[in-house]
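What follows is one structure encoded as structure tokens, with my remarks underneath.
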Amino acid sequence: MSGPDHYCEGAAVLETGDGFFRPASRPARDFGVLLVRSLAAGAAGGPVRVLDGMAGCGIRALRYGLEGGATAVWANDADPDRLPLLERNLAGLPAAVERQVGAATAQQLLAGCLVAGRRFELVDLDAFGCPAALVPLALEAVAFGGVLYLASTDGRSATGHDRQAALRRFGAAARAHPASWEIALRLQLGLLARSAWAMGRGITPLLSFSEGRAFRTALRLERHPARGEEGQLGLVAHCHGCGDQQVQSLGRLGRWRPCGCPGAPSGEVPPLAVSGPLWIGPLQDPATLTTMLQEAEAGGAHLDRPGRRLLERLRADPAFTPRCWPVDAIARRLGQGPPPLADLVAALSAQGFATAASGVMAAQLRSEAPWPVIVATARGLVAATAAR
């Protein structure tokens, strides 16, 4: 069943209406369904309640009930004119799935949940703009061990293009960086972590990704912070001259070491572009991503080919360090074409440095190796190839 007024995705057939809707965001919706299925698999028959706070036409809420195994779905959209559309689309949910439809603002919805003591195994906030103001209330609505799945379309402030807005929204500095999507995701996670810690809670990042338009993070809310969890909040420094990058935890903040740039005649060290505070720990939880892929293989939940490729890339790169360089930046340092990324990853790994191809941004190297070692290794690989 499809036509000009209907859209088919996974097990859902629904009307999209005349509001904002992006078919290209399907991987994010697929991932949400798989997150709910992962929660259902571990619930041992317990409730799996989902709150879709910015439901739009209701496609995510519908798929959570049809494919995700949710036992209850609450779909809300702040536009009251969309309420009839939401009700029509959610009529397709199985009778066993408890449903509720509302037209409150996100703030009203989450505040009402706090007052009523309602918590959900998954809270989905597919926000337009920056959802920073909603974060404390959103975390209050997540059950312990549950998941907050948060999106932001505020790319300018988080990628260093509006530094004043970054200070207002994230309480952090955001500077231009070659791995801009990564910095944006880490700023978002840093805000989430600080809010959770203020409540006495902890977080475990499960999934973080972007296509450059929306920045999406999923985290598990823990009853208490893990030992040393606060050490995952820190600063990232980047030298736009030589390309070096440094990372420091706020808990052990000290002097930045000199980079590889020649010093000024006065002996002063060139200034570094410092972003943060932000999350400097892993962005992905490979065990969760493996479970999501297994749920997709088991059937019942749909994962399209682009989404599968993205999920596999993210699983292969837990993002253990924020230090990332585009291969183009390495090529500029060499003054010639860079070696294949896979060869550079293998060579640095063989030297004992944790290294991977970035799953967040294509054609980027992630490594704990010192920057001069990365450049020297790349130069050696290029020379060895030329000598053959």
Side-chain angles (χ1 to χ4, degrees), residues 1-33 35-36 50-68 73-93 99-110 122-135 137-138 148-159 161-162 165 169 181 184-185 188 207-218 302 304 306-307 310:
M1 176 181 175
S2 63
D5 298 323
H6 290 83
Y7 175 75
C8 302
E9 182 177 288
V13 179
L14 75 165
E15 302 173 52
T16 57
D18 56 3
F20 182 78
F21 176 74
R22 291 189 72 234
S25 296
R26 174 170 180 176
R29 294 188 289 270
D30 287 352
F31 293 175
V33 169
L35 282 168
V36 174
V50 175
L51 176 63
D52 184 357
M54 299 174 177
C57 64
I59 185 169
R60 295 189 309 283
L62 182 57
R63 292 191 62 192
Y64 288 147
L66 291 174
E67 303 171 50
V73 173
W74 187 349
N76 176 85
D77 193 86
D79 183 357
D81 292 337
R82 305 206 87 185
L83 195 56
L85 175 67
L86 265 177
E87 289 173 337
R88 288 198 303 273
N89 284 335
L90 266 65
L93 284 171
R99 75 197 73 177
Q100 186 168 341
V101 177
T105 67
Q107 290 90 338
Q108 291 169 336
L109 173 72
L110 294 170
L122 185 131
V123 174
D124 182 338
L125 292 179
D126 191 27
F128 182 79
C130 181
L134 300 175
V135 165
L137 283 172
L148 174 61
Y149 191 26
L150 184 71
S152 169
T153 60
D154 174 28
R156 282 187 54 79
S157 63
T159 56
H161 293 87
D162 190 339
R169 295 166 184 169
W181 298 0
L185 291 167
Q188 191 159 292
L207 172 68
S208 300
F209 66 101
S210 177
E211 82 292 354
R213 182 187 182 101
F215 299 88
R216 303 180 188 274
T217 54
H302 296 260
D304 68 355
L310 174 58

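Every heavy atom of this structure was used, including side-chain atoms; hydrogens, water molecules and symmetry mates were not. Index from 1, following the sequence.
Side-chain atoms of N89 never come within 3.5 Å of backbone atoms of L62 as a donor-acceptor pair (strictly under, hydrogens ignored). The backbone N or O of L93 lies less than 3.5 Å from a partner atom in the side chain of R99, making a donor-acceptor pair. Side-chain N or O atoms of N76 include one that pairs as donor or acceptor with a backbone N or O of A104 at under 3.5 Å. Without hydrogens or angle criteria, E67 side chain to H302 main chain gives a donor-acceptor distance under 3.5 Å. Put simply, the side chain of E9 never gets that close to the backbone of I59: no donor and acceptor are under 3.5 Å apart. Checking side-chain atoms of R29 against main-chain N and O of R60 turns up no donor-acceptor pair under 3.5 Å.
One distance of note links OG of S157 with CZ of R169; it measures 5.0 Å at 0.5 Å rounding. The CG atom of L207 sits 8.0 Å away from atom CG of L310, with the distance rounded to the nearest 0.5 Å. The structure places CG of L85 at 9.5 Å from CG of L90, a figure rounded to the nearest 0.5 Å. The CZ atom of R63 sits 5.5 Å away from the CZ atom of R26 when rounded to the nearest 0.5 Å. Note that CZ of F215 is 4.0 Å distant from OG of S210, once rounded to the nearest 0.5 Å. Here the OH-CG distance, from Y64 to D124, works out to 3.5 Å after rounding to the nearest 0.5 Å.
Between F21 and Y7, the angle of the ring planes goes over 60°, which puts this pair in the perpendicular group of the 30/60° scheme.
Of all heavy-atom pairs between A75 and A55, the closest is CB-CB, 4.0 Å. Taking every heavy atom of both residues into account, T159 and H161 meet most closely at OG1-ND1, 2.9 Å. When every heavy atom of M54 is checked against every heavy atom of A127, the shortest pair comes out as SD-CA, 3.3 Å. In this structure, D52 and A61 approach most closely via the heavy-atom pair OD2-N, 3.4 Å. When all heavy atoms of D77 and G56 are compared, the closest pair comes out as OD1-N, 2.9 Å. Considering every non-hydrogen atom in both L14 and G58, the closest pair reads CD1-C, 4.2 Å.
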Review point. Given L125 and Y149, is the side chain to side chain contact (heavy atoms under 4.5 Å, CB included) satisfied, shown in steps?
Key: CA-CA 6 Å; L125 292 179; Y149 191 26; over 6 Å; no
Q: May I have the step-by-step check of side chain to side chain contact (heavy atoms under 4.5 Å, CB included) for T217 and L185, ending in yes or no?
A: CA-CA 7 Å; T217 54; L185 291 167; 3.9 Å; yes
Report task. Start with the C-alpha distance between R216 and S25, add both sets of side-chain angles, then the distance that settles side chain to side chain contact (heavy atoms under 4.5 Å, CB included), and finish with yes or no. Result -> CA-CA 11 Å; R216 303 180 188 274; S25 296; 3.8 Å; yes
**Step-by-step side chain to side chain contact (heavy atoms under 4.5 Å, CB included) determination, L51 to L110** = CA-CA 10 Å; L51 176 63; L110 294 170; 4.0 Å; yes
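Within the 4.5 Å cutoff, the side chain of D154 has no heavy atoms near those of the D162 side chain.
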